[in-house]
Every structure is written in C-alpha cells, then in structure tokens.
Amino acid sequence: MSHNNMMSREKMMKFVRETGFAMIEAGLYLDTHPCDETAMDYFNKYQQMHKEAVEDYEKHCGPITINGVHTCDGWTWTEGPWPWEGGCN
C-alpha cells in the first residue's frame, strides 16, 4: 500500500471517529436537554455525517463492524486484514 493510500485510510477512519464522537456527545446532551432544537439539529447533522463516513470507509476498506457485512458475497467479515492490521489495501 502506498503512503497516500495509507493516509487516505487513516483520514477516513479519523473522520469516522470524529463524527461518531460528536454524535454521541450530542446524544448525551440531549438526554438532559431533549427540547433543545439547536442540539437536535447538531445531532442530526453529525448522525448523517457519521453514516456517510462509515459508508465511505466500508466502500473502500471493508466493514468496520458486523453491521457493514453484506452477505450477497458470502461471509466476508473475516476476510482480509482488520482495520487495526492495515486494512484497506
């Protein structure tokens, strides 16, 4: 894998983590402030961004979680390296 591909994979995973963190934090805030419409908009924005970030990563690098497995190609969850093993070759 070239250095550029590694950076691209790392940037994609970083964005997955960042958007997931923002979504979870907004959700925790909404647990105690459920009528805050600005926070709800923020949550919705980051929820969509996170969904798209996961889809982009999985399209290029394979599933992040078992939710990303598509069985039309068989049980591919265990194929290839895991993300922490240098996935997205």
Distance (rounded to the nearest 0.5 Å) between [X] [atom1] and [Y] [atom2]:
{"X": "Thr65", "Y": "Glu58", "atom1": "OG1", "atom2": "CD", "result": "6.0 Å"}
{"X": "Met13", "Y": "Arg9", "atom1": "CE", "atom2": "CZ", "result": "7.5 Å"}
{"X": "Lys59", "Y": "Met12", "atom1": "NZ", "atom2": "CE", "result": "9.5 Å"}
{"X": "Thr19", "Y": "Gln48", "atom1": "OG1", "atom2": "CD", "result": "10.5 Å"}

Are Met40 and Tyr46 connected in a single hydrophobic cluster, I mean Ile/Leu/Val/Met/Phe/Trp/Tyr linked by side-chain heavy atoms less than 4.5 Å apart? yes
Same cluster (ILVMFWY, side-chain, under 4.5 Å), Met49 and Phe43: yes
Shortest non-hydrogen contact from [X] to [Y]?
{"X": "Leu30", "Y": "Asp36", "answer": "CD2-O, 3.9 Å"}
{"X": "Ala53", "Y": "Phe15", "answer": "CB-CD2, 3.5 Å"}
{"X": "Met23", "Y": "His50", "answer": "CE-CD2, 3.9 Å"}

Taking Asp56 for the side chain and Glu52 for the main chain, is one N or O donor matched with an acceptor at less than 3.5 Å? no
Would you please classify the geometry between the His33 ring and the Tyr29 ring as parallel, tilted or perpendicular, with 30° and 60° separating the classes? parallel
Through direct or indirect side-chain contacts below 4.5 angstrom among Ile, Leu, Val, Met, Phe, Trp and Tyr, which residues connect to Leu28? Ile24
Can you tell if the side chain of Glu18 reaches within under 4.5 Å of the side chain of Phe21, non-hydrogen atoms only? no
Name all residues meeting the salt bridge (charged side-chain N to carboxylate O under 4.0 Å, His left out) criterion together with Lys45; count only those two or more places apart in sequence or in a different chain, and write none if there are none. none
